[in-house]
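Below you'll find the structure, written out as structure tokens, and then a few comments.
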Amino acid sequence: MEIEAAKYIAAGLAIGLGAIGPGIGEGIAASKALEAIGRNPEASGKITPLMFVSMAIAESTAIYALVIALIILFG
Amino acid sequence: MNLSISLSPDILFYIGSFPVTNTFFWSIIITIFLILIFVLVGQRLKDKPSKLQNFIEILIEEAYSFVVSVIGPGKKARRIFPLVATMFIFVLVSNLIVYIPGQNAVSIDLGAGPVAIFRAVMSDYGLVLIMTLIAVITTQIVAIAVSGPFKYIGKFLNFRSPMGFFLGLMDLVGEIAKIVSLSFRLFGNIFAGEVLGMVMLFLAPFFVPLPFMFLGLLTAVVQAFVFAVLTLVFVSMASESEA
Amino acid sequence: MELFDALGINGKILLAQFINFAVLVFVLWRFAYKPILKFLEDRRKKIEKGVENSELAITKLEEIAEKEKEVIIEAKKEALNLINEAKDNAEKRGQELIKKAQEEASLVMLKEKEKLNQEKIEMFKEMKNNLSELVILAVEKVIEDKMDSEKDKEIIKKALKN
């Protein structure tokens with residue numbers, strides 16, 4: 001296998017596999033937040049920004065995967 | 001397939017030896033636009049507000065009350081508010097300006113092939129990196145101001161026990177990871193949106209890109225919000241640590 | 001690093017972007033956020049003051065209305081008192097007037113009576129004189145002769161006295 005091809009495969013795998021965890025995690029965060037809003041609609045103003053922040057932090061892992069993929073491709 | 005996806009912004013022209021990229025060009029235009037609108041409103045406040053003044057008033061009031069709700073009222077909120085609000089407004093406007101229709105097609109040719117004049121401003125990693133650096137350095141300054149320089153360094157270099165040393169190193173890595181995650185989050189989302197939109201337009205030009213555009217609009221707003229809020233949260237955490 | 005090159009990171013552009021963003025933050029803070037936040041705060045205070053003023057005005061209006069009621073009640077009382085006094089006065093006056101009138105009337109009546117009496121007396125006197133003359137004339141006519149007047153007079157006087 002050529003090294004160039006291996007690089008592309010590795011980059012694809014890195015971002016693909018790295019996106020699984022955050023995807024599940026963000027889904028859980030969103031579902032829980034919506035559940036909480038459903039139970040207590042008045043608190044939606046407080047829950048929504050917190051949900052976004054925690055989802056953003058959960059997303060960090062995917063972003064590290066993206067960085068790794070970029071490094072593999074261009075580094 | 002003539003899909004031209006470049007990670008870096010394209011250089012439009014040179015001023016002396018200074019390369020003007022398309023994102024830099026647009027960030028300057030957005031800056032001037034924002035300054036014009038805000039200064040116009042801010043210097044001519046009327047008791048009976050116009051629609052624009054009303055909108056900006058609501059925006060600033062809501063942003064300020066949000067900042068107060070996170071960091072608490074008083075001097076801290078007033079100090080950090082300009083930075084966070086400007087980040088939010090700047091990122092939001094530069095994300096939304098992409099959705100002005102028709103701009104993807106405009107390009108100029110200055111010798112080295114056609115170059116698109118328009119490009120999502122936040123898909124320039126340099127700009128995002130600079131904003132992230134500003135946010136993180138502000139956080140460090142706040143932390144130093146709150147806990148003093150020696151305590152601040154002691155948090156990262158702890159020689160009292162191997163465990164403490166290890167944890168200190170982890171803190172250091174965490175601070176650097178903040179830069180990476182904060183900048184690549186915004187850059188990655190906007191760049192991915194750009195690429196996705198381009199691919200979809202290429203594959204099926206009619207109607208199919210619409211849902212992705214809606215998703216992109218949502219992303220544009222949410223990412224602007226997240227970037228500003230994370231900065232705010234970092235700063236408020238730094239200002240509260242061991243206070 | 002090649003990655004930085006791939007991302008298009010250039011020191012000059014970074015510096016330019018930094019200055020750009022810093023200017024944006026400064027200008028927006030100095031010329032937009034500050035005046036707008038101050039303006040909003042002022043307006044909030046103004047509205048607060050307005051609400052306070054309106055509450056004050058309402059309480060004052062209520063006070064004034066109560067005072068008005070009190071004043072009206074007092075005025076009514078006073079008016080009643082005045083009317084009663086006036087009535088009393090009028091009655092007293094009337095009675096006094098009636099008394100005076102009665103007194104005057106009685107006085108007048110007395111005077112009239114006296115006058116009448118005097119007139120009567122005078123009339124009697126005159127009548128007596130006249131009568132005596134008439135009697136003298138009649139007697140003279142009857143008797144006519146031979147009687148001198150002195151004797152006559154004496155006789156008549158005696159007769160009259162009796």
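Throughout, a chain's letter reflects where its sequence line sits, starting with A, and its residues are numbered from 1. This one's a predicted model, so the numbers in the text were calculated from it and none came from an experiment.
Heavy atoms closer than 4.5 Å to chain B are found in the side chain of Tyr64(A), but not in its backbone. Of the two parts of Ala177(B), the backbone and the side chain both hold a non-hydrogen atom closer than 4.5 Å to a non-hydrogen atom of chain A. With a 4.5 Å cut-off on non-hydrogen atoms, Val222(B) touches chain A through its side chain but not through its backbone.
Residues Ser60(A) and Ser181(B) share a closest heavy-atom pair of OG-CB, 4.0 Å. Residues Ala224(B) and Asn95(B) share a closest heavy-atom pair of N-ND2, 4.3 Å. Closest approach of Pro22(A) to Thr61(A), counting heavy atoms only: CG-CB, 3.9 Å.
In this pair, Phe66(B) and Phe225(B) present their aromatic rings tilted. The plane angle is within the 30 to 60° band.
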